[in-house]
Novice: 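Have a look at this one.
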Amino acid sequence: MSDATASGVRPVGVAVLGMGTVGAEVIRYMTENAEALAARIGAPLALRGVAVRDLTRDRGMDPELVTADPAALVARDDVDVVVELMGGIDLPRPLLLDALRSGKAVVTANKALLAEYTDELADAADSTQSDLYFEAAVAGAIPVIGPLRRSMAGDQVERVVGIVNGTTNYILSEMGSTGADYSETLAEASRLGYAEADPTADVEGYDAAAKAAILASIAFHSRVSAGDVYREGISRIAPADFESARDMDCTIKLLAICEKLQCADGTEGVSARVYPALLPNSHPLAAVGGAYNAVVVEAEAAGRLMFYGQGAGGSPTASAVLGDLVAAARNKVGAGRAPGESTYAALQVASMDEVATRYHVRMRVADKPGVLALVAAEFSNHGVSIAQVRQTEAETPEGAGEDAEPTAELTVLTHLASERALADTVSALTDQDAVTDVTSVIRLEGMDTE
Ligand code: NAP
Ligand code: HSE
């Protein structure tokens, strides 16, 4: 990095807000690869300052550059590009709005902020013809925002399905392959820098929902925010679910699914949803293990495309941030601008009740004549067609007396059914005395047959 103007070229001034897992790596690569970046941009990058919370920590850099006042840093006249890697919403939101409204480019990895406030940020960027880049906000190192925004701008995207959270994919992969304990695996994901500061956002699906909102908005040129995304996390997935998955030659993945569908009123709409799902081992996303992410895009002309790579961690995420930084800096040098946000299609977001999927329902029932018929009747009464049923003897619960009724575990795999029909079926089953417990309901995705 350099402030020198020996070549007569004005450097591009950069403010980095946050020097944690991602920010530290961005600054390291900016420093180590300064010459190559300058050659690609056509001007050197000059780091004007780095905002952190804790000024007492040694950051291994000139202390003069480190500040606890991000607003003052953003406001400096010699800052052209603001790179936001702090996270959160309330703190970065006004900072980035101020930056964009004063004509500075913004690069951010902050999916939580974007999933709520892209409209506001995009308006601010439009007001000064500034750039707003956020490749790192979805799927870490994987270029997927750029391809959707630019390479596929002439195509009609129909569906985007992805594994977009590294922490949960790491946890599910470990649980599936080694039977590892959920909490231990989560602690390891945090240690490796995959998990958010509060891992609830990862394990309960909020992080994936924010990414689904961003993907759906861009893919379908419509406004989808995090609150529009149906969301379930992985904290209720049990070892027994993996046993069922193995029996069906499936695995379990937390999927983000964004697709066009026909709404109940006949208009075209968008569904965006996140939940753990059974996926056949033959599906391309089933082989995506560890903290890796992958996104499959299906489009009218392109057909099916798959993007795969490291979805979390400091260094991989820094790659996407640096790509955006180079693009933003080039635009500063060449007075150009990246394509802005487009929401012209304005598709409505469909409710989850309008979505149809297949289901794997596991329940504990009394093991006596007529129970299987009764269970089958409840599915039939609600218009849910059964594809497979499997019954195994259930272990007697601890402490149950010798005269306790024998129970069995029943797993039912359905054909395509609506969420409403399935929810009504489960509610009716729960009311039956012969059904002790509906232990789990997991959706099944990626099967060709209906
Ligand atoms: P992090 O490790 O928690 O780092 C956050 C940084 O922001 C720290 O340097 C912290 O300062 C600074 N900060 C926090 N509050 C501040 C305040 N009030 N004033 C000044 N500085 C403040 O976070 P991260 O994992 O790097 O994530 C950064 C962003 O990237 C988030 O939006 C996250 O969602 C996104 N992201 C992360 C990953 C990943 O794998 N980690 C991947 C993709 C996207 P101190 O150092 O003093 O604490
Ligand atoms: N916590 C996120 C994950 C970081 O695990 O995928 C990447 O956005």
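Every number for a ligand or one of its atoms is a count from 1 in the order of the listing.
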Novice: What protein heavy atom is closest to atom 8 (O) of ligand 2, reported as residue, atom name and distance in Å?
Specialist: K111 NZ, 2.5 Å

Novice: Counting only N and O atoms by type, is there a donor-acceptor contact under 3.5 Å from the side chain of S222 to the main-chain atoms of F220?
Specialist: yes

Novice: Would you mind running through ligand 2 and noting each atom that sits below 4.0 Å from a heavy atom of G166?
Specialist: 3 (C), 5 (O), 6 (O)

Novice: Which atoms from ligand 2 have a heavy atom of Y194 less than 4.0 Å away?
Specialist: 1 (N), 2 (C), 3 (C), 4 (C), 5 (O)

Novice: Might you list the protein residues in contact with ligand 1, defined as having a heavy atom under 4.0 Å from one of its atoms, sorted by chain and number?
Specialist: G18, M19, G20, T21, V22, A51, V52, R53, D54, R57, R59, L85, M86, G87, L91, A109, N110, K111, A136, G193, E196, A312, G313, T317

Novice: Over 60° means perpendicular and under 30° means parallel, so classify the ring planes of Y230 and Y275, tilted if in between.
Specialist: perpendicular

Novice: Between the candidates A109, G311, A189, which shows the shortest non-hydrogen contact distance to atom 7 (C) of ligand 2?
Specialist: G311

Novice: Heavy-atom count around D77 CG within 6.0 Å, excluding the residue itself: above 12?
Specialist: no

Novice: Under 4.0 Å, heavy atoms only, figure out whether ligand 2 is touched by the backbone of N165, its side chain, both or neither.
Specialist: both

Novice: So for atom CZ, which belongs to R337, do other residues, nucleotides or ligands contribute more than 12 heavy atoms lying within a distance under 6.0 Å?
Specialist: yes

Novice: Looking only at protein heavy atoms, identify the closest one to atom 5 (O) of ligand 2 and say how far it is in Å.
Specialist: T167 OG1, 2.6 Å

Novice: Are there over 12 heavy-atom neighbours, none belonging to F242, within less than 6.0 Å of that residue's CZ?
Specialist: yes

Novice: By number and element, which atoms of ligand 2 are closer than 4.0 Å to a non-hydrogen atom of D202?
Specialist: 1 (N), 2 (C), 3 (C), 5 (O)

Novice: Which of the numbered atoms in ligand 2 are below 4.0 angstrom from a heavy atom of A312?
Specialist: 3 (C), 4 (C), 6 (O), 7 (C)

Novice: Are D80 and R10 packed together at the side-chain level, in the sense that at least one heavy-atom pair is separated by less than 4.5 angstrom?
Specialist: yes

Novice: Is there a donor in the side chain of T31 and an acceptor in the side chain of Y29, or the other way round, less than 3.5 Å apart?
Specialist: no

Novice: Quick check: are there more than 12 heavy atoms from other residues, nucleotides or ligands sitting under 6.0 Å from CD of Q388?
Specialist: no

Novice: Give a yes or no on whether a salt bridge exists between R273 and D228, defined as a side-chain N under 4.0 angstrom from a carboxylate O.
Specialist: no

Novice: Between the side chain of D202 and the main-chain N/O of T168, is any donor-acceptor distance below 3.5 Å?
Specialist: no

